[in-house]
Every structure is written in structure tokens, then in C-alpha cells.
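The shown structure was predicted, so the numbers you read here are calculated from the model rather than taken from an experiment.
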Amino acid sequence: AATERNILLKQIGALSLALAEQSKKYKRGEKPNALQIATVAGEIVDALSGANTAGIGPSSIRKSIKQGIELLTAIQQ
């Protein structure tokens with residue numbers, strides 16, 4: 001059963017794949033470059049005045065990208 005968390009992770013994975021397809025900067029080999037994506041996302045979040053940034057640091061974003069892509073590409077049983 002798909003949990004809300006897994007759905008959100010898959011959406012993050014899908015957005016990362018889309019971003020990687022649009023710009024080589026966000027691609028490493030054939031996969032999204034999670035470090036580059038997390039860096040730019042962090043810059044955007046930092047620019048938001050008064051944003052609730054708890055839990056969305058670069059390492060957390062990279063982890064979510066990795067998990068989301070894994071969930072998207074997992075073979076369904």
C-alpha cells in the first residue's frame with residue numbers, strides 16, 4: 001500500500017528526473033545529480049523569508065531524491 005510519505009518521495013524522485021532531463025547541470029551520468037539539485041533547492045529555500053526550513057537541509061533533500069527514485073524504479077509485486 002502506498003503511504004502518503006512514499007507518494008511524496010516518488011513525486012520528489014519524478015521532479016528530480018525531470019530536472020535532470022532539462023539540464024546537464026543536474027545530471028550525473030544517467031541519473032539526477034542529487035548534490036546539485038539539493039544545493040539549488042537549499043539556495044531557493046534560504047531566499048524565502050520566514051520559511052520553515054526544518055528537515056530540508058541538503059543531506060535530507062539528497063536522501064529524499066535517492067529514496068524517491070528507488071521507489072519509482074522498484075519492481076511492483
Side-chain angles (χ1 to χ4, degrees):
T3 65
E4 184 175 352
R5 175 176 168 72
N6 284 354
I7 291 168
L8 292 171
L9 286 170
K10 287 192 285 186
Q11 290 172 350
I12 290 168
L15 290 169
S16 298
L17 290 167
L19 186 57
E21 284 300 312
Q22 295 300 311
S23 175
K24 292 179 187 176
K25 176 180 180 179
Y26 302 113
K27 200 170 195 174
R28 185 172 185 187
E30 293 302 312
K31 295 182 178 181
N33 186 331
L35 177 60
Q36 288 293 333
I37 294 169
T39 298
V40 76
E43 291 169 359
I44 292 168
V45 169
D46 288 346
L48 296 173
S49 178
N52 178 0
T53 61
I56 56 170
S59 63
S60 179
I61 294 172
R62 288 193 313 269
K63 182 178 177 183
S64 295
I65 291 170
K66 181 178 185 281
Q67 290 175 333
I69 292 171
E70 287 173 353
L71 286 169
L72 277 175
T73 58
I75 298 173
Q76 300 297 312
Q77 298 189 12

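Closest of all the heavy-atom pairs between Ser60 and Gly55 is OG-O, 2.8 Å. Residues Pro32 and Ala20 come closest through the heavy atom pair CA-CB, 3.8 Å. The two atoms that bring Val45 and Ala51 nearest to each other are O-CB, 4.2 Å, heavy atoms only. Taking both residues in full, the closest heavy atoms of Ala34 and Arg62 are given as O-CG, 3.6 Å, listed atom of the first, atom of the second, then distance.
Checked options Ile12, Leu9, Leu17; the residue passing with Leu72 is Leu17 (criterion: side-chain contact (heavy atoms from CB on, under 4.5 Å)).
Between the OH atom of Tyr26 and the CD1 atom of Ile65 there is a distance of 11.0 Å, given to the nearest 0.5 Å. Distance OG/Ser59 to CG/Leu35: 11.0 Å, rounded to 0.5 Å. Note that CD1 of Ile7 is 10.5 Å distant from CG of Leu71, once rounded to the nearest 0.5 Å. In this structure, the separation between CD1 on Ile37 and CZ on Arg28 is 12.5 Å, given to the nearest 0.5 Å. Rounded to the nearest 0.5 Å, atoms CZ (Arg5) and OG (Ser64) are 6.5 Å apart.
Looking only at side-chain heavy atoms (C-beta outward), Lys27 and Gln36 stay at 4.5 Å or farther from each other.
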Please evaluate residues Lys25 and Asn33 with respect to the criterion side-chain contact (heavy atoms from CB on, under 4.5 Å), reporting the C-alpha separation (whole Å), side-chain torsions for both, the decisive distance (0.1 Å), and the verdict. CA-CA 8 Å; Lys25 176 180 180 179; Asn33 186 331; over 6 Å; no

